[in-house]
Amino acid sequence: MRLATSEPAIHNANAAAFHSLRIARERGIRPGVGFLHPTDVLKDPHLTHAEKRQVLSSWASDASAVTDEPWMRWLLGTPEPVPLTDVREALLRLDRMGGAS
């Protein structure tokens with residue numbers, strides 16, 4: 001793990017994170033900050049049904065595929081990758097929920 005130990009290093013790390021977030025948004029990827037697993041998205045009471053679909057769709061996207069492990073997805077803002085099957089299952093559960101949330 002890389003740690004920023006000086007003010008310039010911290011500034012550069014923040015600038016790089018902002019740049020990555022901007023690029024992700026330009027590519028249509030919605031960050032999943034605060035979510036550990038796709039089921040956390042389903043449980044979020046503050047997201048609309050459409051927003052949940054947007055987060056899960058970004059998570060399922062090839063843009064979130066882990067290099068050399070295409071069966072895993074690592075959404076920007078999440079701490080670790082999850083299996084694509086978990087993301088697909090969450091999308092199916094969302095479909096069964098309809099527009100309820």
Mind checking the CH2-CZ spacing from Trp59 to Arg88? Nearest 0.5 Å is all I need. 15.0 Å
Roughly how far apart are Leu84 CG and Glu89 CD, rounded to 0.5 Å? 12.0 Å
Do Val87 and Trp74 sit in the same hydrophobic cluster, where Ile, Leu, Val, Met, Phe, Trp and Tyr count as joined when their side-chain heavy atoms come under 4.5 Å apart? no
Under 3.5 Å: donor-acceptor pair, side chain of Ser57, backbone of Arg53: yes
Walk me through it: do Met72 and Val82 pass the test side-chain contact (heavy atoms from CB on, under 4.5 Å)? CA-CA 6 Å; Met72 298 294 285; Val82 298; 5.5 Å; no
From NE2 (His37) to CG (Leu42), nearest 0.5 Å: 10.0 Å
When rounded to the nearest 0.5 angstrom, what is the spacing between OG1 in Thr48 and CD in Gln54? 8.5 Å
Evaluate salt bridge (Lys or Arg N to Asp or Glu O under 4.0 Å) for Arg73 paired with Asp62, printing each intermediate quantity in order. CA-CA 8 Å; Arg73 294 295 187 267; Asp62 285 346; 3.1 Å; yes
Which is it for Thr39 and Asp86 under the side-chain contact (heavy atoms from CB on, under 4.5 Å) test, yes or no, and what are the steps along the way? CA-CA 8 Å; Thr39 55; Asp86 290 1; over 6 Å; no
List the atom of Lys52, the atom of Asp44, and the distance in Å for their closest heavy-atom pair. CE-O, 3.2 Å
Identify the heavy atoms of Ser58 and Ser64 that sit nearest to each other, and give their distance. O-OG, 2.9 Å
Check whether Met97 and Val55 end up in the same hydrophobic cluster, where Ile, Leu, Val, Met, Phe, Trp and Tyr are linked by side-chain heavy atoms less than 4.5 Å apart. yes
